[in-house]
> 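Pasting a structure below so you can have a look.
Worth knowing before you read on, the calculation uses all heavy atoms, side chains too, and leaves out hydrogens, waters and symmetry mates. Naming convention: chains lettered A, B, ... in sequence-line order (proteins, then strands); numbering from 1 in each chain.
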Amino acid sequence: MTSDGYDPLDLSATRSAHRTSMGASDACVEAALVDGLTDAQRAAVLHFEGPALVLAGPGSGKTRVITQRIAHLVSQGVKPSQILALTFTNKAAGEMRNRVERLLPRGLAGGLIVSTFHSYCASVLRRHGASVGLQAGFSIYDSDDQKTALKAAIEAAGLTTSNWTPASVLAAISEIKNRLLTPEEYALEASDFWSRSIAKAYARYQDTLHRSNACDFDDLLMKTASLLRNDASVRALLQQRARFILLDEYQDTNHAQFVIAATLASEHRNLFVVGDPDQSIYGWRGADITNILEFEQHFAGAVVLPLGENFRSTAAIVRAADGLIVHNKKRPHKDLHTALEEGERVRVLRCQDEHDEADQVAAFFEERLRAGVPYRSMAVLYRMNALSRVLEDSLRRKMIPSIVVRGTAFYDRKEIKDAIAYFRLLSNPRDEVSLRRIVNVPTRGIGPTTVRKVEGYAAGSGYALFDAFAMAPGAGIVKGKIGESVVAFIELLRSFQRGMDARLPGDLADFVGEVLKQTKLDEFVGRGGVEEAERVANLDELVSAAREFQFIDDPDITHPTLRTAVCAWLESVALIADADAFDPDRGSVTLMTLHAAKGLEFDSVAVVGLEHGLLPHSRSMESDDALEEERRLLFVGMTRAQRALMISSAVSRQVRGVRQATIESPFLREIPSNATTVADRTPSVDRIVYDEPEAFCDLDPAELFPVGCSVKHPIFGVGKVEFLARGFGGTRARIAFRGVGIKTVIVEHARLSRVQ
DNA sequence: TAATGTGCGCTTTTT
DNA sequence: GCGCACATTA
């Protein structure tokens, strides 16, 4: 995916290929498709049948290869409806579809599926989910909903929750689901206390999801995989629709995705995957890098097509990035090169603090603007979202327009989640998470005690929770004012449901507005001051979002109703990706995480926060694999830049309210000095401290100064190490100094030495 | 039951 | 620095 059309170097000779193809005959299309491609690109585009792996380094034109290959297949007479292209984000899918449509004569792309893995699975399950226990209106739970469901499941099962956090349990469950193990299967292999507890929690959690007619992100994949395995007729149908499969970002697929792809491809064996092991950055989400490394073993007779030439970045940037990534031990040898000019060196900046750093980023962008580069071709990348605030402020002060790319930010707001919960409950009354969420929002007197009563009634009678609420007043479970309130609540929802079945898809936005009004949700969030007014504005924004939602008629559904549209809208909202919010046409500098930047390119890029504990992140420093993934993350960031790259760190940084001294990222020392210019903005006193201990940056402080050892500190004297903890900015050691008392120091800074 | 106050703990990346 | 869980008061 390309960020924009701005391209001062005309870095690629192939960009104009599509322009000559409009309305041309098939033969002309054919010629135009390969015109201007390199030999390697042409080989990939012209690849026809059989499995193929395209090893596409950064900037090697992989999106072009995929789109032109699709067009090529169609020009060869392959029906678009037999081509399935899967990407990582909706944005990438949309972009790819657009490009293909531009390459083909008008209307020829009909029936082509270009989608993300998750939305492809969701649409498969909408249609065929019954045999894996999903009804059409099923809800898709995000991590917040997952937490709620897990808590409810654990509570209902009477399991103790101390010692484990919902997040860690969910991470474990996610890992199990990626391995495609059901609760029963996992229980068989669970032997120790922890895994047996997880097995129980997993089983209960799945019960809750099943009762709620809901699935989480992992279920979308897992249930599709199991559907393909167990239902021969659905398998045959989907295989037939997938005569040619193209997978983008193959290095980031997990086991479940591998199984789905392999099953779909097993009939026709036309699996064409594109990826780069050096850009695998989702290992923490279950991505399995061996999928791409062992592609040839998995698919006999596979063709491997390397695209090594970088058409994006100038030579200095490529040299810097390559110099970094060669430090990864677990990687196939790969040559990264460019024929482009040397260009300017990578600017390495050591700043005083995060404000200084942000100002330097602003200065960098102002300089690039003077060089004729528009703001939309500039980006700041960082390891975590929390770093965006300071950058935003600084850019705003300098009058530099900027936008933070975070697709889910809007839908993370409480009032928006509440609103969405209403619609989820309307399309799926079994959705317990949504029901619990809004049963008393706005407050209508149905508090926790009432909910618990009805819950007990549901458990005893076998009713679904929603039905139990509907029956409770009549059954005398809830009485008086509360009973009336429950009746009114249920009746309100039922009237909305009748509307959903009677009205047409075009009424979506109006309906959304009506529900917000009649539930009085807008009034409820609006009472109060300025912040509350903003919440109301957000709800209005939700109505606008619904208005902009394009409901695409599904040829399989003869009479789409408003219900169909609500369902489709909810699905699109659930599967939104952070990167989807990226819009290069806004004329602003882009701020986003390194993860979200994958697949994009910009003339000028600043990567900030190159500090030990931040990049590499402290949570990634326990294993070599995780550390290598952090290195790949920086590699991805650096290779986004076409002509100017700045990477920076700050000597001191405030993280969640606490200012801390930092040390430079070890990655900085891996970047070859013949590709960089270094500027140190810190006072010389600090420099002495930070330049000296380079030698032991690589060594594990825990090994150097283990708990119990005696150390000497230049100020506090001799003491004994009591405790070590890794954290932001390095390793903290609690040391009991003789005559001074207990002090906590950052090992990397404190210039400690061992004494016997 | 609702609204407000207080203390505690955690702390990345995201479909 | 923030959000969540729990406690207190009307």
> If I take atom OG from residue S119(A) and atom CG from residue L575(A), how far apart are they, to the nearest 0.5 angstrom?
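Answer rounded to 0.5 Å: 5.5 Å.
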> I'd like to check D145(A) versus R424(A) (side-chain heavy atoms, cut-off strictly below 4.5 Å). Are they in contact?
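They are in contact (side-chain heavy atoms under 4.5 Å apart), so the answer is yes.
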> Taking salt bridge (charged side-chain N to carboxylate O under 4.0 Å, His left out) as the cut-off, I'd like each qualifying pair that reaches into residues 116-129 of chain A, sequence neighbours left out, listed once.
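Qualifying pairs: R126(A)-E571(A), R127(A)-D554(A), R127(A)-D556(A).
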> Counting only side-chain N and O atoms of T593(A), is one of them less than 4.0 Å from OP1 or OP2 of dT14(B)?
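Yes.
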> Hey, where on DNA chain C does chain A first and last touch, going 5' to 3'? Cut-off is any atom under 4.0 Å from a heavy atom.
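Taking any atom under 4.0 Å from a heavy atom of chain A, the span is dG1(C) to dA5(C).
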> In residues 571-578 of chain A, which residues come under 4.0 Å of DNA chain B by heavy atom?
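DNA chain B contact set from residues 571-578 of chain A: I576(A), A577(A), D578(A).
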> Tell me: NE2 of H118(A) to C1' of dT14(B), nearest whole Å?
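For the pair H118(A) NE2 and dT14(B) C1', the rounded distance is 9 Å.
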> Under 6.0 Å between ring centres, would you say that holds for Y282(A) and F117(A)?
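They do not qualify: ring centres at least 6.0 Å apart.
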> Run the side-chain contact (heavy atoms from CB on, under 4.5 Å) check on S665(A) and R383(A) step by step: do they pass?
CA-CA 12 Å; S665(A) 167; R383(A) 179 63 234 263; over 6 Å; no
> E628(A) has an atom CD; how far is it from atom P of dT13(B), in whole Å?
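Nearest whole value for this atom pair: 22 Å.
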> Kindly write out the residues that satisfy side-chain hydrogen bond (donor to acceptor under 3.5 Å, both in side chains) with E392(A), not counting sequence neighbours, or none if the list is empty.
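Testing E392(A) for side-chain hydrogen bond (donor to acceptor under 3.5 Å, both in side chains), a comparison that skips the adjacent residues, returns none.
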> Just call it for N385(A): base, sugar-phosphate, or nothing, with non-hydrogen atoms closer than 4.0 Å on any strand.
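Counting heavy atoms under 4.0 Å across all strands, the contact made by N385(A) is with sugar-phosphate only.
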> Kindly write out the residues that satisfy side-chain contact (heavy atoms from CB on, under 4.5 Å) with D393(A), not counting sequence neighbours, or none if the list is empty.
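By the side-chain contact (heavy atoms from CB on, under 4.5 Å) rule, D393(A) matches R389(A), R396(A), R397(A).
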> Taking side-chain contact (heavy atoms from CB on, under 4.5 Å) as the test, write out the residues that go with A545(A), two or more places apart.
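By the side-chain contact (heavy atoms from CB on, under 4.5 Å) rule, A545(A) matches Y411(A).
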> Rounded to whole angstroms, how far apart are CG on D412(A) and P on dT14(B)?
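Taking atom P of dT14(B) as the reference, CG of D412(A) is at 11 Å.
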> Checking side-chain polar atoms at under 3.5 Å, does T290(A) have a donor or acceptor matched by the opposite partner on D288(A)?
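There is such a pair (donor and acceptor under 3.5 Å, judged by atom type) between the side chains of T290(A) and D288(A).
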> Please report, rounded to the nearest Å, how far the P atom of dT15(B) is from the NE2 atom of H595(A).
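Distance, rounded to whole Å: 11 Å.
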> Rounding to a whole Å, what distance do you find between L594(A):CG and dT13(B):P?
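It works out to 11 Å between those atoms.
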> Please report whether the ring centroid of H595(A) lies less than 6.0 Å from that of W284(A).
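Under 6.0 Å, so yes.
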> How many Å lie between CG on N178(A) and C1' on dT15(B), as a whole number?
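That distance rounds to 11 Å.
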> All N/O contacts under 3.5 Å from nucleotides 1-8 of chain B to the protein, with atom names and distances to one decimal?
from, atom 1, to, atom 2, distance (Å)
dT1(B), OP1, T449(A), OG1, 2.6
dT1(B), OP2, T450(A), OG1, 2.7
dA2(B), OP1, G445(A), N, 3.0
dA2(B), OP2, N440(A), ND2, 3.0

> Holding to side-chain hydrogen bond (donor to acceptor under 3.5 Å, both in side chains), I want the full list of residues that pass it with Y422(A), two or more places apart in sequence or in another chain.
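Checked Y422(A) against side-chain hydrogen bond (donor to acceptor under 3.5 Å, both in side chains); matches are R444(A).
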> Tell me, please, which residues at least two apart from A149(A) pass side-chain contact (heavy atoms from CB on, under 4.5 Å).
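Y141(A), Y205(A), T208(A), L209(A), V433(A).
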> Calculate the interatomic distance between R632(A) atom CZ and dT12(B) atom C1'; express it in whole Å.
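Interatomic distance, CZ of R632(A) to C1' of dT12(B): 16 Å.
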> Runs of at least three consecutive Watson-Crick or G-U pairs, both distances under 3.5 Å, are what I'm after; which ones involve DNA chain B?
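DNA chain B stems, ordered by first number: B:1-10 with C:1-10.
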> Under the rule for ring-ring contact (aromatic ring centres under 6.0 Å, His included), what residues qualify as partners of F217(A), not counting sequence neighbours?
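Once residues adjacent in sequence are excluded, F217(A) has no partner under the ring-ring contact (aromatic ring centres under 6.0 Å, His included) criterion.
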> Whole-Å distance between dT14(B) P and M384(A) CE?
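It works out to 12 Å between those atoms.
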> Taking side-chain hydrogen bond (donor to acceptor under 3.5 Å, both in side chains) as the test, write out the residues that go with K223(A), two or more places apart.
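Partners of K223(A) under the side-chain hydrogen bond (donor to acceptor under 3.5 Å, both in side chains) test: none.
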> Would you check if W284(A) stacks with the base of dT13(B), given a 5.5 Å centroid limit and a 30° plane limit, both strict?
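A stacking contact exists, since W284(A) sits close and nearly parallel to the base ring of dT13(B).
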